[in-house]
Amino acid sequence: MTEPDKTGILLTAFGTSVPGADSVYYNIQQQVREVYPDIPIYWAYTSQVIREKLKNQGKPVHSPVQALSLMAENGLEHVAMQSLLIIPGLEHHDLIQISRAIQGLPKGIKKIVLGNPLLSHSRDLQRFAAAMMDNISPSVHEDEAIILMGHGSVHPANVYYSALQYHFWLCHPNIFVGAVEGTPSLEEILPLLQKNELTRARLYPLMVVAGEHAINDMAGRQTDSWITVLSNMGIDAKAVMKGLGSFENINEIWLDHLREIMGRL
Ligand code: CO
């Protein structure tokens with residue numbers, strides 16, 4: 001990093017349109033600000049649907065391409081683009097393409113380095129599982145399941161959820177990882193709960209913010225929400241409405257990925 005005054009950080013999240021849910025993004029920003037107090041921080045949301053909703057509410061947020069153009073306009077030549085996504089799925093691969101396409105344009109940004117999402121290397125999964133075990137408070141009861149609801153993906157990176165399940169099982173047999181739009185599905189988890197005679201469950205979103213999916217698919221009153229399905233099975237289920245970005249030790253994993261790319265700018 002030769003020219004700190006021409007360096008910027010771009011934090012790139014999926015985005016949320018749920019009022020207040022974005023406060024976890026500010027937690028992440030605060031943690032980044034503490035490490036890099038003098039480097040400007042920009043934001044982008046990858047979800048076009050969410051950006052459209054926010055625009056209609058008069059709260060526009062940039063797309064990654066828009067944010068990078070603005071950064072170039074503001075004279076920045078080196079950009080650390082940190083992916084605040086969970087797995088290297090479709091959205092992350094879009095970021096890879098965007099960073100390559102925008103880098104090196106005339107009078108533009110000379111170098112863009114993209115930081116890995118939360119779960120990339122095996123050590124991230126190990127570290128994430130250990131950190132979440134610390135965050136699950138009070139600790140797990142013998143008859144209790146802890147179920148983390150991820151988004152899931154049609155991208156091959158969906159296997160990260162199963163890989164994460166493996167790392168959690170090394171920590172505790174009552175932790176389960178599922179995906180609302182992928183595998184493992186809740187249907188695959190249910191027989192395991194019965195087999196282990198677990199009678200209560202705590203649900204956590206395996207997502208950066210406790211947004212639409214956490215509110216509806218996880219904790220909603222609808223018949224197919226995870227909390228309803230579990231309750232109908234006689235399992236006393238509760239939802240913990242805390243996105244991953246509200247846990248400092250989880251944000252530290254993203255921060256380490258950012259530190260790594262700052263070293264390569
Ligand atoms: Co979704």
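Values reported hereafter were calculated over all heavy atoms of this structure, with side chains retained and with hydrogens, waters and symmetry mates removed. None of the values given here were measured: they were computed from a predicted structure.
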If hydrophobic clusters are built from ILVMFWY residues whose side chains come within less than 4.5 Å, do V65 and L84 share one? yes
Linked, directly or transitively: L90 and L114 (ILVMFWY side chains, under 4.5 Å): no
Quick test of your reading: applying side chain to side chain donor-acceptor pair (under 3.5 Å), list the pairs with at least one residue in residues 180-193, sequence neighbours left out, ordered by first then second residue. N158-T183, S185-E188
Selection residues 127-149 - residue pairs positive for side chain to side chain donor-acceptor pair (under 3.5 Å), sequence neighbours left out: R127-D256, N135-N249, D143-T199, D143-R200, E144-R202
Taking NZ, NE, NH1 and NH2 as the nitrogens, is one of them in E77 or K107 under 4.0 Å from a carboxylate oxygen of the other? no
[X]: side chain to side chain contact (heavy atoms under 4.5 Å, CB included) partners, not counting sequence neighbours:
X: H172; answer: M133, V140, N174, I175
X: R51; answer: Y45, Q48, S63, P64
X: Q30; answer: none

Go through it in stages, so that I can follow the logic: the residues are S231 and T228, the test is side-chain hydrogen bond (donor to acceptor under 3.5 Å, both in side chains), and I'd like the CA-CA distance, side-chain angles, deciding distance and then a yes or no. CA-CA 5 Å; S231 301; T228 307; over 6 Å; no
Under a 3.5 Å cutoff, is there a donor and acceptor pairing between the side chains of W254 and Q31? no
Atom CE in M132, atom CD1 in I250: separation rounded to 0.5 Å? 5.5 Å
Any chance you could measure I9, atom CD1, to R33, atom CZ, to the nearest 0.5 Å? 8.0 Å
Specify whether H151 and H213 have parallel, tilted or perpendicular ring planes, treating 30° as the upper limit for parallel and 60° as the lower limit for perpendicular. perpendicular
Quick one, P205 and L244 - any side-chain contact, counting heavy atoms below 4.5 Å? no
Would you call P117 and I87 a side-chain contact if the rule is heavy atoms closer than 4.5 Å? no
For Q57, I'd like to know if atom CD has over 12 heavy atoms of other residues, nucleotides or ligands within 6.0 Å. yes
Nonpolar side-chain network containing I147, other nodes, edges under 4.5 Å: V18, M149, W169, F176, V180, L186, I189, L190, L192, L193, L198, L203, M207, I215, M218, W226, I227, V229, L230, M233, I235, M241
